[in-house]
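Dropping a structure here in structure tokens format, bear with me for questions.
We name chains A, B, ... by the order of the sequence lines, and we start the count at 1 in each one.
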Amino acid sequence: MSTLFDVHADAPRPRAAEGPDALLDGLNPQQREAVLHTGSPLLVVAGAGSGKTKVLTHRIGYLLAARDVHPGQVMAITFTNKAAAEMKERVTALVGPRANAMWVSTFHSMCVRLLRREAKQLRELLDSDMSSSFSIYDADDTRRLVTLVARDLDLDPKRYPARTLAAHVSNHKNELIDPQRAAALAAGDLERRVAEVYAAYQRRLGEANALDFDDLIMRTVQLLQAFPEVAEHYRRRFRHVLVDEYQDTNHAQYVLVRELVGTEADSEVEPSELCVVGDADQSIYAFRGATIRNIVEFERDFPNARTILLEQNYRSTQTILSAANAVIARNPNRRDKRLWTEAGDGHKIIGYVADNEHDEAAFVASEIDKLVDSGECGNGDIAVFYRTNHQSRVFEEIFIRLGLPYRVVGGVRFYERREVRDALAYLRVLANPEDTVSLRRILNVPKRGIGDRAESCVSAHAERERVSFAAALREAAAGRIPELNPRSQRAIAGFVDLVDELRGLVDAGEDVAAVLDAVLDRTGYRAELEASDDPQDGSRLDNLTELVTVAREFTEGAGPVEEAEEAADVPAQDSLAAFLERVSLVADSDSVPEQGEGVVTLMTLHTAKGLEFPVVFCTGWEDGVFPHLRALSEPAELAEERRLAYVGITRARQRLYLSRSLMRSAWGQPVTNPASRFLDEIPHDLLDWRRVESERSGPSAATTWGRRSTGGDSAQAGLAERGMRTTSFRGWRSGGEAAAPALKLEVGDRVNHDKYGLGTVVATEGSGPRATATIDFGSAGTIKLMLIGGVPLVKL
DNA sequence: GTCCATGACCTCTAT
DNA sequence: GGTCATGGAC
């Protein structure tokens with residue numbers, strides 16, 4: 001979690017102090033050309049591991065050091081906070097602290113920043129009372145609001161599930177289609193319904209003073225287009241626009257970039273210099289609207305554009321690159337690109353066929369153990385990848401059992417946990433009283449006697465009187481809704497008073513952590529969890545404590561300082577808004593552990609993009625799992641899965657393991673899957689199969705073996721078609737282990753662990769099968785272990 | 001109004 | 001194997 005709010009302002013000696021040419025040292029000819037290129041739009045096609053971040057940061061450094069560009073004229077856009085923070089840090093290392101005046105941020109936070117600055121125009125554009133403290137709705141909020149809207153429109157939730165409706169609305173927004181045009185374009189029944197929902201949903205968002213993720217981009221584009229003087233202001237200011245991961249942009253983001261840069265036709269201002277970096281082979285977000293078109297057609301979109309290809313790889317061994325090249329070469333219609341390295345062949349790729357997913361996890365665990373024991377690498381050098389989040393479970397189980405420190409990135413995310421969302425909903429209501437979705441979420445949480453009946457009564461009143469839900473709630477509290485029974489009225493009055501009281505704290509200038517703490521206390525939320533005997537509520541409590549800590553770090557940390565230059569943009573009391581914005585826009589990859597943390601990192605292939613590890617275990621190579629079942633029949637989706645394979649393989653620096661399982665349980669049912677077609681696409685001499693068939697299991701193993709041994713032919717066929725997870729969320733997933741605690745420990749007990757040696761118990765938590773102990777093993781570190789059977793630990 | 005049993009659908013990936 | 005929406009009992 002700490003990486004989230006870290007800002008490293010402390011620069012050693014800026015490289016630029018040695019003169020601008022020092023910024024060109026150590027670059028290969030193509031990289032150097034990309035840094036030096038001046039004037040016309042530039043596309044850097046950067047293969048995996050080809051030093052694209054280096055090019056971006058050195059280019060910015062060179063602009064500042066040699067081309068007399070002021071940092072305030074530079075805007076750099078990425079997709080994750082982590083990437084933005086890294087870029088800022090590296091530029092700072094090159095040119096010193098003046099780099100702080102640059103806008104380096106994600107698409108989404110850049111848009112939030114712009115929209116908050118231009119709140120007046122935004123109000124005009126939306127013709128609503130939208131204030132600069134608008135809420136940001138994520139996928140879950142969006143789904144809830146769509147559910148309300150669909151209910152209002154009397155749509156059958158079976159025929160028109162909220163998820164489907166929300167997905168269609170999202171697609172429209174990514175294509176910059178407004179509700180009117182959606183209605184005009186609608187052909188079938190579904191599309192007409194979607195258009196209706198879209199219109200009503202946008203109206204409700206406006207009333208709630210909220211924007212969803214897609215709106216952040218779409219509204220920014222609309223604002224720049226509707227107010228040319230605003231667009232011109234930004235064009236005059238940002239003479240250099242740089243975009244990372246350009247292959248992941250969707251249509252709206254593409255238009256946004258064009259609006260920011262401007263064209264010759266925008267008479268007054270010369271277009272700004274544009275530099276985009278990307279790799280079509282690593283485009284894996286088509287499902288959320290990203291279109292490869294943007295990178296493929298760059299030269300058509302921006303006449304005079306220059307393209308530079310980076311193919312030399314500085315990350316992996318040639319063996320790994322050859323495997324990656326061979327797989328990606330199967331994709332049709334791609335620009336040929338072959339990664340190469342001077343690093344030599346290195347180790348062979350190790351393959352393993354497991355009997356089931358537990359066997360696969362055990363193999364991974366034992367290999368990790370061997371590698372770490374041999375001293376070849378530490379746990380922090382190792383990553384385990386899988387296609388879908390739920391596959392992490394078996395790895396977690398065995399890692400916990402063995403006391404192997406790990407962290408799962410993503411999955412059931414911290415900010416998606418019920419208790420965390422509840423707490424944040426309170427904060428959002430305090431920051432934005434009109435936030436209907438959040439208001440309705442907390443109305444009866446914890447239970448205070450405001451049931452469905454009372455809620456729909458208030459909601460109906462709001463509709464009838466054409467006032468907001470928040471206003472109707474006040475009416476209700478004042479007894480002006482006759483349909484409401486006195487008991488409900490009292491309960492609502494109590495709730496309104498509670499919220500007012502809490503808002504008083506915000507107005508009095510209390511910091512976010514203090515407000516959050518008060519929320520948890522005065523609502524009784526904390527007390528309810530403390531009183532509960534459900535073991536899950538223990539970790540809920542921990543998560544809330546963690547959230548308070550995050551809030552405190554945010555207040556004390558660099559949050560506001562980082563934006564010193566821009567501080568005047570946002571009213572001071574909006575540290576609350578700033579905090580909410582930050583937690584709304586975090587990405588999974590923002591919480592990837594640092595190598596120094598010494599934990600094995602588990603994550604999906606999607607989250608792995610942009611990262612690298614000395615040792616990579618890529619698991620679940622089975623048709624139906626990876627490539628995913630839903631991609632098998634769809635060539636475009638299969639191509640995207642293949643790019644995902646390419647991404648996974650190219651994350652590895654030294655050692656790569658590929659594994660699959662003959663059998664795995666899905667939805668509680670055992671399923672057998674054939675080998676992934678992508679395995680056959682890897683030249684056989686690059687692979688060293690540690691185990692190919694089951695010695696124990698039955699017929700399915702034989703057929704799978706047969707398929708593997710005729711790999712060459714089927715390839716043709718294929719062508720035709722903080723410590724552990726607990727840093728940010730203490731407590732593990734529920735369910736699973738049934739074993740009783742192997743031993744009872746108390747603080748102060750001395751123990752001996754097979755692997756970590758002697759230690760002292762410093763804390764214990766939970767009971768029964770969930771009992772854990774945090775143990776200080778001295779030089780081996782402080783580690784939290786589950787005390788279930790099988791843990792190699794004895795009490796002394 | 002709250003609690004609990006049932007069943008659908010599910011998990012693909014995520015700012 | 002989990003979550004969430006729904007419906008009936010109290």
For Arg288(A), give me all partners under salt bridge (Lys or Arg N to Asp or Glu O under 4.0 Å), at least two apart in sequence or on another chain.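 So Arg288(A) forms no salt bridge (Lys or Arg N to Asp or Glu O under 4.0 Å) with any residue.
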Which atoms of nucleotides 2-5 of chain B (N or O only) lie under 3.5 Å from a protein N or O atom, and what are those distances?
| unit_1 | atom_1 | unit_2 | atom_2 | d |
| --- | --- | --- | --- | --- |
| dT2(B) | OP1 | Gly449(A) | N | 3.3 |
| dT2(B) | OP2 | Asn444(A) | ND2 | 3.3 |

Using only atom types and a distance under 3.5 Å, with no angle test, would you say the side chain of Thr650(A) pairs donor to acceptor with the backbone of Val647(A)?
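Such a contact is found between Thr650(A) side chain and Val647(A) backbone.
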### Message
Restricting to ring pair (Phe, Tyr, Trp, His ring centres under 6.0 Å), what partner residues turn up for Tyr246(A), sequence neighbours left out?
### Response
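Listed in chain order: Phe298(A).
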Practice item. Return each pair, listed once, that meets ring-ring contact (aromatic ring centres under 6.0 Å, His included) where at least one residue sits in residues 619-644 of chain A; pairs must be two or more places apart or across chains. Key: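 The answer is Trp621(A)-Phe626(A), Phe626(A)-Phe678(A).
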Could you work out, with ring pair (Phe, Tyr, Trp, His ring centres under 6.0 Å) as the rule, every residue matching Phe79(A), not counting sequence neighbours?
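Residues passing ring pair (Phe, Tyr, Trp, His ring centres under 6.0 Å) with Phe79(A): Phe107(A).
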Under the rule for salt bridge (Lys or Arg N to Asp or Glu O under 4.0 Å), what residues qualify as partners of Glu528(A), not counting sequence neighbours?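 With neighbours one apart ignored, the set is empty.
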> Looking just at side-chain N and O atoms, do Tyr137(A) and Asp435(A) make a donor-acceptor pair shorter than 3.5 Å?
Replying inline: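 There is such a pair (donor and acceptor under 3.5 Å, judged by atom type) between the side chains of Tyr137(A) and Asp435(A).
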- Message: Say we look at dT13(B) and dC4(C): how far apart would their P atoms be, to the nearest angstrom?
- Response: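 Comparing P positions in dT13(B) and dC4(C) gives a spacing of 15 Å.
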Tell me what Arg143(A) touches on the nucleic acid: a base, only sugar-phosphate, or nothing, going by heavy atoms under 4.0 Å.
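Touches sugar-phosphate only.
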Flag the pair Phe469(A) / Val458(A) as yes when at least one side-chain heavy-atom distance between them is below 4.5 Å, and no otherwise.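 With C-beta onward as the side chain, the pair touches.
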Students often get this wrong, so: under 4.0 angstrom with heavy atoms, is Ala454(A) touching a base, only sugar-phosphate, or nothing?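 Result for Ala454(A) = sugar-phosphate.
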- Message: Just to verify, what does Phe399(A) make a ring pair (Phe, Tyr, Trp, His ring centres under 6.0 Å) with, not counting sequence neighbours?
- Response: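 Result, ring pair (Phe, Tyr, Trp, His ring centres under 6.0 Å) vs Phe399(A): Tyr406(A).
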For DNA chain C, the dot-bracket notation using Watson-Crick and G-U wobble pairs below 3.5 Å, [ ] for pseudoknot-type crossings and | for other-strand pairs, is .|||||||||
Atom pairs, N/O to N/O, protein against nucleotides 8-10 of chain C, distance under 3.5 Å?
none

- Task: Go through the structure and list residues passing ring pair (Phe, Tyr, Trp, His ring centres under 6.0 Å) with Phe395(A), not counting sequence neighbours.
- Result: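 Applying ring pair (Phe, Tyr, Trp, His ring centres under 6.0 Å) to Phe395(A) gives none.
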By side-chain hydrogen bond (donor to acceptor under 3.5 Å, both in side chains) - contacts of Thr106(A) (at least two apart):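 Partners of Thr106(A) by the side-chain hydrogen bond (donor to acceptor under 3.5 Å, both in side chains) criterion, ordered by chain and then number, come out as Ser109(A).
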Does the side chain of Met110(A) reach to within under 4.5 Å of the side chain of Leu256(A), using non-hydrogen atoms?
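A side-chain contact exists here, since the closest heavy-atom pair is under 4.5 Å.
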Nearest whole angstrom, please: distance from the C1' of dT6(C) to the CZ of Arg453(A).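 For the pair Arg453(A) CZ and dT6(C) C1', the rounded distance is 18 Å.
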Would you mind reading off the distance between Arg441(A) atom CZ and dA5(C) atom C1', rounded to a whole angstrom?
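Rounded to whole Å, this separation is 15 Å.
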Protein-proximity profile, nucleotides 6-15 of chain B, B/S/- by nucleotide at the 4.0 Å heavy-atom cutoff, equals ----BBBBBB
*For the pair made of CZ in Arg144(A) and C1' in dC4(C), what is the distance, rounded to whole Å?*
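To the nearest whole Å, that distance equals 10 Å.
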>> Categorize Ser665(A) for me: base, sugar-phosphate, or nothing, with a 4.0 angstrom heavy-atom threshold over every strand shown.
In response: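 No contact at all - Ser665(A) keeps every heavy atom at 4.0 Å or more from the nucleic acid.
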| message | When you measure from the side chain of Thr604(A) to the backbone of Asn389(A), do you find a donor-acceptor pair of N or O atoms at a distance under 3.5 Å? | response |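 Not a single qualifying donor-acceptor pair exists.
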